Structure formats: structure tokens, C-alpha cells
Amino acid sequence: MIGKSTKYIPRNKYQKIFESKGAILGAAISHNYLTYSLTTTQFDAKELIPYYLKGVTQFDVESEVFSEVKSQIIQSIERKDEEWFDSSFDQFKRSVFSNSSIFSKPLKGSVQSINSLKESEIETYVQNRLANSEIQIILHGKDPFQYKDLIENEIRRLSGRSGKRISELDLNEAMVNNVSISSNVGVVMTATPVYGLSTLRSFICFELIDAVLSGMRYPSGLLHKRLRGKQLV
């Protein structure tokens with residue numbers, strides 16, 4: 001639900017702010033973390049960071065989006081037996097942790113638990129995390145300190161919190177000029193050179209590497225032509 005709208009900016013307008021710049025908003029949850037991320041160019045970062053942080057500090061839920069997300073999660077739970085990783089991971093957790101431990105529970109919940117959720121409960125959960133949980137802000141960029149004032153200005157609304165200030169962060173100077181790209185790019189790839197595929201062994205090795213990486217390069221991985229729609233990626 002995070003990154004869809006704020007209390008002052010409706011969904012379509014909020015998402016268009018980022019889409020018009022080619023930026024990507026992401027959100028993920030685990031048993032230990034609720035993570036909210038922004039990926040954008042350094043040229044657009046100063047404009048987008050305030051909007052991005054408002055997605056959390058002014059978090060809001062729209063009924064239409066809430067219903068759609070609930071429906072998607074319930075469908076995912078019902079099809080989980082078809083997805084080998086999720087199914088196996090849940091079985092692994094049940095075998096390692098006792099039934100009373102939160103870590104033994106499926107991360108997606110159950111159909112019953114999702115059906116019973118209300119919009120107000122989602123908002124309360126996020127606000128409680130902002131008020132009580134440890135918050136880590138991680139910046140990846142050539143000059144992260146240029147965004148310090150922007151971030152501190154937006155998180156001032158989180159009153160009563162204490163912690164390590166942004167100005168105390170360390171910058172790894174050795175990595176600043178490690179990669180230099182002169183033109184604007186949409187994707188950056190790192191790869192190991194392939195010295196010919198003339199032997200069966202080298203071809204099989206290449207296929208195995210592609211099988212591992214295909215999930216990170218969707219939908220361009222070679223195996224996706226065979227696995228798409230079969231719940232195997």
C-alpha cells in the first residue's frame with residue numbers, strides 16, 4: 001500500500017509524479033523490516049525525495065487500491081502451493097520455529113486474516129511503525145550529503161525520536177569514482193565476459209547462469225519463454 005497515495009495527493013497524481021521521471025517506488029515487508037525505496041537519477045532526486053518521504057510520513061489508503069491489493073494477496077495465497085519457493089519456505093519455517101513463534105507464520109498471512117483487515121488497521125500499523133520502530137535511511141549515490149537537508153526537513157514531523165543523524169554518516173570515497181557513465185542510462189548491467197560457447201560445457205554453464213539471473217532480468221531471461229505462466233520463476 002505504501003507509495004500509492006498520501007493524505008494530500010491522490011493516487012493518480014502521486015504516481016504520475018514518479019512515472020513522469022522514470023523513477024521507481026518499491027515496498028517490501030519481512031518479519032523484521034518494512035522497507036520503502038526510491039530509485040531515480042541524481043538529476044531528479046532533489047525534486048522527488050520530498051514526495052517520496054510524504055508517502056510514509058503522510059501515509060494514506062484509498063479504498064479502491066485497498067480492495068485490489070487484498071484481492072491480489074488472497075489470490076497469491078490460494079495459489080501458493082503452485083509456487084515452489086513460497087511453499088517450501090513456509091514449510092522450512094514451520095520445521096525450524098515453534099508454532100508459537102511469529103517466524104513460523106506465513107509472511108503473506110492467511111485468506112481469513114487478509115479478509116478481516118480494514119483500511120484503518122493498515123494506517124494504524126504504519127503510523128505505529130513510524131512512531132516506535134527503529135528507522136534506517138540508506139542512501140546510494142555519488143554525493144548523498146546533498147540530500148541531507150531535504151530528508152531532515154521531511155522527517156521533522158516524526159517528533160520525539162532520537163538516533164544517528166544523517167550528518168554523521170560515512171562516505172566510502174574509494175567507491176565514488178569506481179564507475180563513470182557519461183550519458184543518461186535507464187539500466188546499468190554488470191556481467192562476466194563469455195569466451196565463446198563452442199563447447200557443450202560452456203553452453204550448459206551459460207544456461208545455468210541465465211537460469212539464476214532470469215528472475216532478476218524479467219522478462220528478458222532466456223528461460224522466461226518456457227517458464228512464464230507456469231509459476232516457476
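Hydrogens, waters and symmetry mates are skipped; everything else that's a heavy atom, side chains included, is used. Note that the structure is a prediction, hence the values are computed from the model and not measured.
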> Between the side chains of S76 and K108, does any donor sit under 3.5 Å from an acceptor?
Replying inline: yes

>> As an exercise, state the distance from CG of L53 to CD of E152, rounded to the nearest 0.5 Å.
In response: 11.5 Å

> Roughly how far, to the nearest 0.5 Å, is the CD1 atom of I77 from the CD atom of Q72?
Replying inline: 12.0 Å

Looking only at non-hydrogen atoms, find the nearest pair between [X] and [Y] and report the distance.
X: E62; Y: R11; answer: OE2-N, 2.9 Å
X: T6; Y: D60; answer: C-CB, 3.3 Å
X: Y51; Y: Y14; answer: O-OH, 2.8 Å
X: P10; Y: S5; answer: C-CB, 4.1 Å
X: L48; Y: A23; answer: CD1-CB, 3.6 Å

>> Under the criterion side chain to side chain contact (heavy atoms under 4.5 Å, CB included), I'd like the reasoning laid out for K70 against I73: C-alpha separation, chi angles, the key distance, then a yes or no.
In response: CA-CA 5 Å; K70 281 183 66 172; I73 294 175; 6.0 Å; no

> Do V65 and E68 touch side chain to side chain, with heavy atoms closer than 4.5 Å?
Replying inline: no

> Would you call Y147 and I137 a side-chain contact if the rule is heavy atoms closer than 4.5 Å?
Replying inline: no

Determine whether a donor-acceptor pair (N or O, by modelled atom type, separation under 3.5 Å) exists between the side chain of [X] and the backbone of [Y].
X: K46; Y: L150; value: no
X: S67; Y: E64; value: no
X: Q58; Y: Y8; value: no
X: Y36; Y: Y52; value: yes

>> Count I, L, V, M, F, W, Y as connected when their side-chain heavy atoms are under 4.5 Å apart, and connections chain through other members. Are Y33 and V126 then in the same cluster?
In response: no

Could I get the full list of side-chain contact (heavy atoms from CB on, under 4.5 Å) partners for [X], not counting sequence neighbours?
X: E19; answer: Q15
X: K16; answer: none
X: N115; answer: I74, V111
X: V61; answer: M1, F59, F66, E119, I122, E123

>> If the condition is side-chain hydrogen bond (donor to acceptor under 3.5 Å, both in side chains), which residues does T57 pass it with, not counting sequence neighbours?
In response: R157

> Taking only residues two or more places apart in sequence, or in another chain, which ones meet K54 in a side-chain hydrogen bond (donor to acceptor under 3.5 Å, both in side chains)?
Replying inline: E154

>> For D149 and N153: C-alpha separation, side-chain torsions, deciding distance, then whether side chain to side chain contact (heavy atoms under 4.5 Å, CB included) applies.
In response: CA-CA 6 Å; D149 292 339; N153 183 60; over 6 Å; no

>> side chain to side chain contact (heavy atoms under 4.5 Å, CB included), that's the test. Do I135 and I155 meet it? Break it down for me.
In response: CA-CA 11 Å; I135 295 177; I155 62 176; over 6 Å; no

>> Between S101 and S104, does the side chain to side chain donor-acceptor pair (under 3.5 Å) criterion hold? Intermediate values first, please.
In response: CA-CA 6 Å; S101 170; S104 69; 5.1 Å; no

>> Could you walk me through whether F18 and L38 satisfy the side chain to side chain contact (heavy atoms under 4.5 Å, CB included) test, starting with their C-alpha distance in whole Å, then the side-chain angles of each, then the deciding distance to 0.1 Å, before giving a yes or no?
In response: CA-CA 9 Å; F18 299 93; L38 167 67; 4.0 Å; yes

